[in-house]
Amino acid sequence: MLLSKEGIENNLSGSAKKYNINVFDCISSTNTVLRELAEQGAEENTVLIASEQTNGRGRMGRNFHSPQGTGLYISILLHPDLSAEKTVLITTSAAVAVCKAIEKTTDKEPQIKWVNDIFIDGKKVCGILTEAVFEEGKIKYAVLGIGVNVFDPNGGFPEEIKNIAGAVCSDFKDGLRELIAAELLNEISDINIEETSAEYKKRSLVIGNKITVLSAEGPYEAVAEDIDDSCGLIIKKEDGTRKILSSGEISIRL
């Protein structure tokens, strides 16, 4: 099933109506194309939404599985008034927005795996990729990319991710992708990027759990103790020392 631009726009409310929405049946990567448009002078609040990506991208250079008709792949061009060191707050506020959109449109209770993944029932259903360009220590523009597995893909997930990946819903529901897209844009349009840490922490999947921190020096074990006001992850290492992670990647042992 292809996405309906009208179905998305009809469910926008308030300030979300400012978005210039462009819907594609298939695209290489919404983030890649929107970055190219940004360099060509595209206006803030330009939004690309696709039903399929042939070269979807995730963090750390990974591919993001983006099959036709079951997912939702969105990129939004932002001009946030933020310093470079606060770029992570774009990702964390988007994670909160995704959770709220899913909560409003389904009976699911999503949780956030620090820093950018949304989980439901122990499976990853959404990834977020923020790509920013900086100028004089501030963000010139940012492309916020969000990929949501709304339904299970035909034939299931690829072998390499089938034990990790999941979907918001197992059964197809007509119009749900459009509704989630609209609610996501509604949430993002109203969100205060610098005031979402409490909501982010409330939905945390990692606090209190043992984790593996994947660092440049090699992986190490720790316990995730808390999330601070800047959405940094407070961890306690095996030797008892504490550290705040402001970026990076972890794996979790539930």
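- The minimum heavy-atom distance between I128 and A94, with the atom names listed, is CD1-C, 3.9 Å.
- There is no path of hydrophobic side-chain contacts, each under 4.5 Å, that joins L37 to I49.
- Counting heavy atoms of neighbouring residues, nucleotides and ligands inside a 6.0 Å radius, atom CG of N154 does not exceed 12 of them.
- Scanning both residues, T87 and A84, for their nearest heavy atoms gives OG1-O, 2.6 Å.
- Heavy atoms from other residues, nucleotides or ligands lying under 6.0 Å from NZ of K123 number more than 12.
- Across all non-hydrogen atoms, the minimal contact from L245 to W114 is O-CZ2, 3.2 Å.
- Looking only at atom types and distance, the side chain of T196 has no donor-acceptor partner in the side chain of S93 under 3.5 Å away.
- One finds no salt bridge joining D228 and K201 here, because no Lys/Arg side-chain nitrogen approaches an Asp/Glu carboxylate oxygen to under 4.0 Å.
- Taking a cutoff of 4.0 Å between a charged side-chain nitrogen and a carboxylate oxygen, E221 and K237 do not qualify as a salt bridge.
- Summarising the geometry of K108 relative to V168, their closest heavy-atom pair is CE-O, 3.0 Å, with the distance given to 0.1 Å.
- Between R203 and E199 a salt bridge is recorded (basic side-chain N to carboxylate O distance below 4.0 Å).
- Minimum interatomic distance between T70 and D152 (heavy atoms only, all atoms of both residues): CG2-O, 3.7 Å.
- Using a 4.0 Å cut-off between charged nitrogen and carboxylate oxygen, E103 and K100 do not count as a salt-bridge pair.
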Margin query: With side-chain hydrogen bond (donor to acceptor under 3.5 Å, both in side chains) as the criterion, how do T54 and S28 come out once you've worked through the C-alpha distance, each side chain's angles and the decisive distance to 0.1 Å?
Written below: CA-CA 5 Å; T54 58; S28 59; 5.3 Å; no
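- For E6, the CD atom sits in a loose shell: 12 or fewer heavy atoms of surrounding residues, nucleotides or ligands are nearer than 6.0 Å.
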Margin query: Before you tell me yes or no, could you show the steps for E85 and S83 under side-chain hydrogen bond (donor to acceptor under 3.5 Å, both in side chains), namely the whole-Å CA-CA distance, both residues' side-chain angles and the distance that decides it to 0.1 Å?
Written below: CA-CA 6 Å; E85 60 266 21; S83 59; 3.2 Å; yes
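- Between Y73 and S51, the shortest heavy-atom distance links the atoms CE1-O, 3.5 Å.
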Next item on the list: Determine, stepwise, if the pair E131 / N31 fulfils side-chain hydrogen bond (donor to acceptor under 3.5 Å, both in side chains).
Entry: CA-CA 8 Å; E131 298 180 299; N31 260 37; 3.0 Å; yes
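- A salt bridge does not link E178 to K5: none of the charged nitrogens lies less than 4.0 Å from a carboxylate oxygen.
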Notebook entry, point to check: Hey, mind stepping through L89 and E194 against side chain to side chain contact (heavy atoms under 4.5 Å, CB included) and telling me if it holds?
Noted result: CA-CA 7 Å; L89 296 180; E194 298 193 73; 4.1 Å; yes
